[in-house]
Amino acid sequence: MKKTPPVVGAGVTRPSDDKLVQMYREMVLCRALDERVWMLNRQGKAAIVASAQGHEAAQIGSVQALQVGKDHFYIYYRDLAVLISLGLTPTEIMLGFTAKAGEPLAGARQFPTHGASKTLNLVNLSNVVGTQIPQAVGSALASKMRGEDAVTIVYFGDGASSVGDCHEAMNFAAIHKLPVIFLCENNGYAISVPLSKQMAVDGIVSRADGYGIPGVVVDGTDIMAVYEATSEAATRARDGRGPTIVETMVERYLPHTSDDDDSLYREQEDLEEARKRDPVRILQEQLIGAGLLPGDTDSVIRNEAKRVINEATDYVDAAPYPEATDFLDHVYS
Amino acid sequence: MKKTPPVVGAGVTRPSDDKLVQMYREMVLCRALDERVWMLNRQGKAAIVASAQGHEAAQIGSVQALQVGKDHFYIYYRDLAVLISLGLTPTEIMLGFTAKAGEPLAGARQFPTHGASKTLNLVNLSNVVGTQIPQAVGSALASKMRGEDAVTIVYFGDGASSVGDCHEAMNFAAIHKLPVIFLCENNGYAISVPLSKQMAVDGIVSRADGYGIPGVVVDGTDIMAVYEATSEAATRARDGRGPTIVETMVERYLPHTSDDDDSLYREQEDLEEARKRDPVRILQEQLIGAGLLPGDTDSVIRNEAKRVINEATDYVDAAPYPEATDFLDHVYS
Amino acid sequence: MTVQTVIEAVRDGMQEEMRRDQSVFIMGEDIGARGGVFLATDGFVGEFGEDRVIDTPLAESSIAGIALGAAMNGMRPIAEIEFADFIWPTVNQIVGEAARARYGTLGQMCVPMVLRAPQGGGVRGGLYHSQSVEAIFAHTPGLKVVTPSTPYDAKGLLKSAIRDDDPVVFLEYKRTYRLVRGEVPDEEYTVPLGVADVKLPGDDITVITYGLMVHHCIEAARIIGNEGVSVEVIDLRTIRPLDNDVILASVEKTGKVLIVHEDTKLLGVGGEVSAIIAEHAFDYLDAPIVRLAGPEIPAMPFSPTLEAAFLIDTEKVSAAIRNLARY
Amino acid sequence: MTVQTVIEAVRDGMQEEMRRDQSVFIMGEDIGARGGVFLATDGFVGEFGEDRVIDTPLAESSIAGIALGAAMNGMRPIAEIEFADFIWPTVNQIVGEAARARYGTLGQMCVPMVLRAPQGGGVRGGLYHSQSVEAIFAHTPGLKVVTPSTPYDAKGLLKSAIRDDDPVVFLEYKRTYRLVRGEVPDEEYTVPLGVADVKLPGDDITVITYGLMVHHCIEAARIIGNEGVSVEVIDLRTIRPLDNDVILASVEKTGKVLIVHEDTKLLGVGGEVSAIIAEHAFDYLDAPIVRLAGPEIPAMPFSPTLEAAFLIDTEKVSAAIRNLARY
Ligand SMILES: Cc1ncc(C[n+]2csc(CCOP(=O)(O)OP(=O)(O)O)c2C)c(N)n1
Ligand SMILES: Cc1ncc(C[n+]2csc(CCOP(=O)(O)OP(=O)(O)O)c2C)c(N)n1
Ligand SMILES: [Mg+2]
Ligand SMILES: [Mg+2]
């Protein structure tokens, strides 16, 4: 897969040093959480796991370029790091993976990370790939109608870009210049189907012209590039200049989900190449280079992450499954 | 609406003089038929009419660039001139408009021009806009699988281009380099909705890059331009070089259908501008200029058309409606 | 009271709600300058502006999906599908997503949207402008499905649907639009969802129906009434939730049931109504439960002779009632 | 005879037909190198090549539409939808188009395609990997809908579906894939579409069911049999067309009917079966027609406690049979 260098507009503020370290903290925490839920899956405690490993920079870099509490987030199953960056705790998230009582997004009625959070303006209604794209456009339409300057960002994979809904939604958003950011996490695979069998081009950004909207490709393992592209898209959206496609080129480190066996279709070499683009390591090196992880800061961050994850694991281990007493509720208002 | 000048590749044979006159004859016949069925509608004899007036050059020019009997034609409700050019008689077509017994495409079970002809490889399954596009791609896939060099052409309007199926179909055809021609009859309206509310661009050809396929815009009132663009696309398809988008810029002279009232949404000026681009008159002038309609040839052609249409009218007037005895047939094989 | 057609009542219902509540807006094809292909939104763009009366591209799946997203973000969209025959692309967003939004978020999201579509035949619409689609949506928990028959009901139910916090599929019989007239109050009113209406009381036979067929059933009931058999006509009005109480009370009184709908028979609404009766009023039944429904062909053919063969009319209903009376 | 699982039988059925007929091909997501998410096409791309085993983009509507077009142009596509939950985008091409292609062209076009999808719950699939979708397709004249329960039926019915000239929606219960084993002949055979199967003969009560539930019903029938009540278990196998003969013959014998399905109740297959019985075997009935079906929630929730509350098991079926026996 050809990786296009980041094309970022001028005039966007780079994240502050503090923010960079905060993003690193979130990345480390997310990676630790991700590894833990895979372990829980192998132990039979988590029925299904989809991993954000390799996608963390794209997810955290974009969230941090937006205004949590005001903007709207339409995510998909791979967006674990979006949840972390929005402020969900590892315990809350792990209640989802273990389907335990008190799970905040869906009461454990749904797959992990699915459901919604009203306070966070977070929506992940379903597992049906691509359906969130028109929904996000509708959210942006609502914000615009009320004259709010909230932005809606919608996350989706390269696979989702093939769905008719993606086309219809982008076209509508373009016509009405809606404040929406189409953030594609292009990892080159829809489960086993490689990009070359999903499209005859290298990525989706070349579609932007067909809708008459701007599109940008960024290295999705470079959190700075993602942050900047998203910031610029957000500014454009808030200024009434309409939607942007931000295509982030990322890697999927692991099988599609814990149910998948990627050795059936993925070359070992391809995987090894992919692992060289580890967003956590890349940011770590950038921060060390910039002197932003002085002394034992890095190991403090990592130990703290481990501690939180351990605590969360203990909590969810002890938590009960939900009672089935009210499983018929909330069908109608 | 901006009209892009025809962009046609080199090396395509122009239609012979005979063929040009033949195309003119078909155009004149189609226009006469079209006018007649509107009259029948106003007399209460035809329940619904959708007109090809203004689209004739795009339809006939493309059919004549293909091989009738071998290639596959997926059309939509506005493609009256395709039917004429494929060789359906005015009587056969008028049996459709009057819903009379013996109607060949659907036994008068469907709206006029709908149904299929097995011998002509003609399919127009439904009124549901856009559904024919993936079906046509499937037809092209079948031809390719069997190693035939048949081409499938699919006709659709600018309105249909907004449908998700259009996106999915074009993308699939591009990936598999299928022998299919996407012929868009862009008349600037989906019923009352102008192009500016359908897309943020001037037409659909700018999408071609996003699929990695060639696209060409032609003046759809210029039959030569359409013929050439379609010929080139057909050659490409037969050579295994895949699909092409041919966007023909045409005009819709009349209301959407006989049920529509275009004065509600269309400026008189817009209509007058449109009528200046009459494909029948344009070809007439071209042929006269080239000396291809010597003497009274033109009036002979026009009188012959009138005679045929009169005969057809008499025939369908006298024809009975189908008996309802077998209206339950052909649900299953 | 004013005498109106169904389409006028639909238009007034939407207009009143749009005046009453800024969060109500409407989106669909040709609803702007054109005023809708049936003129349901005639004059709306002038009164409410292009922001609240949105002419969309021809793309039904996204009409539904965008309305759903707007509904989850505080608006009350009315999404118009030009003909019910073109509603299938919305199934993914409506059946798959909207219906489960509340359930799947433990009540955090609600979807106050209405999906309106004209349906049914008798207008020479052929295979693709005559379809009845209620059964497919009515199978889905989480949705509400409404099928009005009169101007009074159409307006009152539509206003309730717009104010409802759940997704409502609102199916108007296009044949009734200009054909059926009726009195509509000048003052504000609503008709509650989920409540069936006894359109004609009777004692001997219960006829259960909805939509256009209500009118044929009432006519047939009057004819049969003159023959000495007293027929009760129930208009379901809402297909989901079904009003079991009204259905069962009538059956317990009459003991004989005819169910009539224009939609095809197998797995149609009539099957469900029959099953409810066979389970809960079995001991009251004096005869088989009979269904009169569209024949098992994909939809209504175009030619007038063929369309007539498909359609249920007063005569067919009368014949079915007479048969049942004789049992 | 060989003992196989359902998924093995499905795989063998497709493989045999692809060997037998060059016009059979398969398209869907992850069916190539991955061999399908349930390994239904394991090894196929090696044997038949990428031209006949097509990994498609993630785009269900076009999977259906392209298969339809290929079918009209002489091929026999098998289109796989990865999970039935993702089948909604195909409704437009399948219900709207494929089902009417023959009718709407006066028999000129035929659509020999199969749309396969794994459906149903009991696999911790949550709201979006557990859906039952048979009712929506079974409502549509022009389609055939098949729901096998055993390896023998799965293979035999799938082979018939592939050879059939009409569009067939073939719904496999994913819970049965590896759970249910059974004997499958080594020699060539097919099972005809449209024929129900008496899976267990009995005299006192008729249980009508299909798919995964067949196994719970058989188990329950055996338990109840030991309690002195003889239960007949009918596996519908094909939901459209329904086999009225087998259904009615059994009811005329037993006079008591329980209908069981995993799908939700309202407007489900059970409603139709009940209505057929209430119309055509009314005089033979000794008790209300009872349905045991999924509760009226949009789909199966994820957490194990919640999923168990949704699912029908042997115990629930036994309880329903005992109730009915007491009537
Ligand atoms: C509509 C639909 N079709 C199929 C699936 C099964 N499925 C789940 S994820 C997936 C691949 C999605 O790929 P992509 O969008 O690139 O996201 P990624 O997992 O690579 O991040 C598929 C086919 C689904 N969930 N929804
Ligand atoms: C899926 C669908 N939605 C809506 C309609 C109603 N309708 C019929 S034609 C039409 C406009 C189509 O415009 P276009 O594709 O540009 O074709 P044109 O009539 O302009 O040639 C609409 C909205 C339909 N037939 N199918
Ligand atoms: Mg991907
Ligand atoms: Mg147009």
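Chain letters run A, B, ... following the sequence lines, proteins first, then strands; residues in each count from 1.
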> State the OH-CG distance between D:Y103 and B:L328, to the nearest 0.5 angstrom.
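Output value for this atom pair is 6.5 Å.
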
> Could you check which of B:G107, B:A142, B:A106, B:S333 has the highest count of heavy-atom pairs closer than 4.5 Å to chain D?
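Option with the greatest count: B:S333.
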
> Go through the atoms of D:E60 and report whether side chain, backbone, both or neither lie under 4.5 Å from a heavy atom of chain B.
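For D:E60, the backbone is the part near chain B, not the side chain.
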
> Apply side chain to side chain contact (heavy atoms under 4.5 Å, CB included) to residues B:L125 and D:T105 and explain how you reach the verdict.
CA-CA 7 Å; B:L125 280 194; D:T105 65; 3.9 Å; yes

> What do you reckon, is CD of D:E50 surrounded by more than 12 foreign heavy atoms closer than 6.0 Å?
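For D:E50, atom CD is not crowded (no more than 12 foreign heavy atoms under 6.0 Å).
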
> Between B:T119 and chain D, with a heavy-atom cut-off of 4.5 Å, which part of the residue counts as in contact: side chain, backbone, both or neither?
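Neither part, no heavy atoms under 4.5 Å.
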
> Side chains of D:N73 and B:S139: donor-acceptor distance under 3.5 Å anywhere?
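Yes - a donor-acceptor pair under 3.5 Å links their side chains.
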
> Which is it for D:I54 and B:M145 under the side chain to side chain contact (heavy atoms under 4.5 Å, CB included) test, yes or no, and what are the steps along the way?
CA-CA 11 Å; D:I54 304 174; B:M145 278 180 151; 3.8 Å; yes

> Considering only heavy atoms, which portion of D:D51 lies under 4.5 Å from any heavy atom of chain B: side chain, backbone, both, or neither?
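Backbone of D:D51 only, per the 4.5 Å heavy-atom cut-off to chain B.
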
> Does a donor on one side chain and an acceptor on the other come within less than 3.5 Å for B:T131 and D:N92?
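No, no side-chain donor-acceptor contact under 3.5 Å.
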
> Side chain, backbone, both or neither: which part of D:M75 has a non-hydrogen atom closer than 4.5 Å to chain B?
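Both parts, backbone and side chain.
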
> Can you tell which part of D:L143 gets under 4.5 Å to a heavy atom of chain B, answering side chain, backbone, both or neither?
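Backbone of D:L143 only, per the 4.5 Å heavy-atom cut-off to chain B.
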
> Roughly how far apart are D:I66 CD1 and B:L178 CG, rounded to 0.5 Å?
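One finds 8.0 Å between CD1 of D:I66 and CG of B:L178.
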
> What part of B:Y74 lies closer than 4.5 angstrom to a heavy atom of chain D: side chain, backbone, both or neither?
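Only the side chain of B:Y74 comes within 4.5 Å of chain D.
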
> If you draw a 6.0 Å radius around CD in B:Q67, do more than 12 non-hydrogen atoms from other residues or ligands fall strictly inside?
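Yes - once you tally the heavy atoms of other residues, nucleotides and ligands closer than 6.0 Å, there are more than 12.
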
> Quick check with a 6.0 Å cut-off and a 45 degree axis cone: is D:R102 positioned over the face of B:Y332's six-membered ring?
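No, D:R102 and B:Y332 do not form such a contact.
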
> Test your reading of the model: is there a side-chain donor-acceptor pair from D:E97 to the backbone of B:Q132, 3.5 Å cut-off?
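Not at all, since once roles are kept as given, no pair shorter than 3.5 Å links the two residues.
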
> Is it the backbone or the side chain of D:A101 that comes under 4.5 Å from a heavy atom of chain B, or both, or neither?
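Contact with chain B is through both the backbone and side chain of D:A101.
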
> Which heavy atom of B:V123 sits nearest to which heavy atom of D:M72, and what is that distance?
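In terms of heavy atoms, the two residues are closest at CG1-CE, 4.0 Å.
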
> I'd like to know if the side chain of B:Q135 pairs up with that of D:Q93 as donor and acceptor (distance under 3.5 Å, no hydrogens or angles considered).
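Yes - a donor-acceptor pair under 3.5 Å links their side chains.
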
> Find the distance between CG (B:N171) and OG (D:S62) and round it off to the nearest 0.5 Å.
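Result: 8.0 Å between the selected atoms.
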
> By a 4.5 Å heavy-atom criterion (distance strictly below it), what part of B:L105 contacts chain D: side chain, backbone, both, or neither?
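Contact with chain D: backbone only.
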
> B:E168, B:H114, B:H167, B:E103: which one forms the most heavy-atom pairs within less than 4.5 Å of chain D?
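It is B:E168.
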
> What distance separates D:R100 CZ from B:R109 CZ, expressed to the nearest 0.5 Å?
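It is 13.0 Å, given to the nearest 0.5 Å.
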
> Where on B:I133 is there a heavy atom nearer than 4.5 Å to chain D: the side chain, the backbone, both, or neither?
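It is neither, since no heavy atom gets under 4.5 Å.
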
> Under a 4.5 Å cutoff for heavy-atom pairs, which residue among B:P104, B:A116, B:A108 has the most contacts with chain D?
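The residue among B:P104, B:A116, B:A108 with the greatest pair count is B:A116.
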
